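This report concerns only the one structure given below.
Chain letters run A, B, ... following the sequence lines, proteins first, then strands; residues in each count from 1. Here the structure is a predicted model, which is why all the values come from computation and not from measurement.
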There are 2 protein chains.
Amino acid sequence: MKIGELAEQADVSTKTVRYYESIGLLAEPARTPSGYRDYDHDAVERLRFVRDAQATGLALAEIVSILELKDAGSTSCQHTTALLERHLAELDEQITRLQQARAELTGLADRAARLDPSSCTDPNRCQVIAR
Amino acid sequence: MKIGELAEQADVSTKTVRYYESIGLLAEPARTPSGYRDYDHDAVERLRFVRDAQATGLALAEIVSILELKDAGSTSCQHTTALLERHLAELDEQITRLQQARAELTGLADRAARLDPSSCTDPNRCQVIAR
DNA sequence: GACAAGTTTCCAGCCGGATGGAAAGTTCGT
DNA sequence: ACGAACTTTCCATCCGGCTGGAAACTTGTC
């Protein structure tokens, strides 16, 4: 499978595929006699794995370290487990902050909604969009 | 209050304070006779708000527009209300996504904790994360 | 009146995560 | 045999959000 087909199946660009190879996320694939990258189906799986891991907010560098462990054939999942737990804690923190920010924004929105609409006639007093 | 004190109280760097000013997040403060920036306590509040909003994943440019609404204070209009509501909707969406990611991660972590370490040998498949 | 610490402006560079484009080589369809 | 579509490498650029450093100035302390 050539790079274009791989990219399509994994729903990324060929640029991204080469970029991932360059940062060690994808092993260097076999090459055709003419030098084209030649992937097997594992590469699709791997790219999908990357996508999934990325969707949970893991940075590419973190995904690399998980995959390196995997590639090394480690017999322990401790690395992955520790990473997951750390990430989970970060996620909780982020959710908390989001909810705090949401509360503040809700306050702003409520105040805005209670205002007299007729006070909104002066174009100079609504600076939000204009500026 | 000089820039260093402000930075300390808001837990950002002086570099960041000047940067925020440069992108319109902070108004240009008063200056001492010698040209030092001279802030009041509102600036601390504002920086803290920025930090909170930023923690939600809002871009600084978006925070700028929210703060402009805040600055408009007692005045509002359709545009500003719509803007806020859009931000709120995005925020809710983001919270939902994070909670989903959290649930997924929790599942993974649980699975990892229950796994027999000796079963983690397949070089092409990390059993913790693989789907 | 010396010296450190703080501040000023300005310009450069870094990070992650790509994306763009040029110039050259390859493969496929007709 | 030709052209389009694809692939190669390499280098540049983008974006947001800072961060670093230089050179000059101000302030506070001994």
Side-chain angles (χ1 to χ4, degrees), chain A residues 1-40 43-44 46-68 83 86-87 90 94 97 101, chain B residues 1-40 43-44 46-67 87 90 94 101:
Chain A
M1 179 191 331
K2 286 187 292 184
I3 194 170
E5 194 185 340
L6 170 65
E8 193 179 351
Q9 286 198 24
D11 197 28
V12 296
S13 71
T14 59
K15 285 282 191 189
T16 298
V17 173
R18 293 193 198 93
Y19 170 67
Y20 282 1
E21 182 182 321
S22 80
I23 62 169
L25 252 182
L26 284 179
E28 296 190 8
R31 297 283 179 143
T32 66
S34 63
Y36 282 15
R37 286 171 179 79
D38 189 14
Y39 296 95
D40 54 24
V44 181
R46 197 164 174 115
L47 276 180
R48 288 187 179 151
F49 171 87
V50 170
R51 240 191 12 203
D52 289 346
Q54 206 176 11
T56 73
L58 288 171
L60 291 183
E62 295 175 307
I63 301 172
V64 168
S65 70
I66 291 177
L67 288 174
E68 273 170 358
L83 228 166
R86 186 161 55 72
H87 188 60
E90 280 167 14
Q94 200 184 347
R97 282 192 306 247
Chain B
M1 179 192 330
K2 285 187 293 184
I3 194 170
E5 195 185 339
L6 170 65
E8 194 178 352
Q9 288 198 25
D11 198 28
V12 297
S13 71
T14 59
K15 284 282 192 188
T16 298
V17 173
R18 292 192 198 94
Y19 171 68
Y20 282 0
E21 182 183 319
S22 79
I23 62 170
L25 251 182
L26 284 179
E28 296 191 7
R31 297 281 180 144
T32 65
S34 63
Y36 282 16
R37 286 171 178 79
D38 189 14
Y39 296 95
D40 54 24
V44 181
R46 196 163 174 114
L47 277 179
R48 288 187 178 152
F49 177 88
V50 170
R51 239 191 14 200
D52 290 347
Q54 200 177 15
T56 74
L58 286 176
L60 291 183
E62 294 175 307
I63 300 172
V64 169
S65 68
I66 291 175
L67 282 173
H87 279 303
E90 281 167 11
Q94 200 186 346

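Comparing the local axis fitted to the first five base pairs of the helix from C:dG1-D:dC30 to C:dT30-D:dA1 with the one fitted to its last five gives a bend of 10°, rounded to 10°.
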Heteroatom pairs (N/O) under 3.5 angstrom, protein to nucleotides 15-17 of chain C:
from: C:dG17; atom 1: OP2; to: A:Leu60; atom 2: N; distance (Å): 3.4

Side-chain polar contacts of residues 1-12 of chain A - donor-acceptor pairs under 3.5 angstrom, sequence neighbours left out - could you list them?
from: A:Glu5; atom 1: OE2; to: A:Gln9; atom 2: NE2; distance (Å): 3.4

Ignoring hydrogens and angles, write down the donor-acceptor pairs under 3.5 Å from the side chains of residues 18-26 of chain A, residues two or more places apart or on other chains.
from: A:Glu21; atom 1: OE1; to: A:Arg37; atom 2: NE; distance (Å): 2.8
from: A:Ser22; atom 1: OG; to: A:Tyr19; atom 2: O; distance (Å): 2.6

Summary of protein contacts for nucleotides 21-30 of chain C, nucleotide by nucleotide, where a base hit scores B, a sugar-phosphate-only hit scores S (4.0 Å, heavy atoms)
B---BBS---
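B:Arg18 comes within contact range of at least one nucleobase, with a heavy-atom separation under 4.0 Å.
Of all nucleotides in DNA chain D, those with any atom nearer than 4.0 Å to a heavy atom of chain B start and finish, going 5' to 3', at D:dG17 to D:dT27.
In this structure, A:Leu25 atom CG and C:dA18 atom C1' are separated by 13 Å, rounded to whole Å. Atom-to-atom, CG of A:Leu26 to C1' of C:dA18 comes out at 14 Å; the value is rounded to the nearest Å.
Annotation: side chain of A:Val44 is in contact with side chain of A:Arg48 (closest heavy-atom distance under 4.5 Å). Considering only heavy atoms from C-beta on, B:Ile63 comes within 4.5 Å of B:Leu60 through its side chain.
A search for side-chain hydrogen bond (donor to acceptor under 3.5 Å, both in side chains) contacts involving A:Thr16 returns A:Ser13, not counting sequence neighbours.
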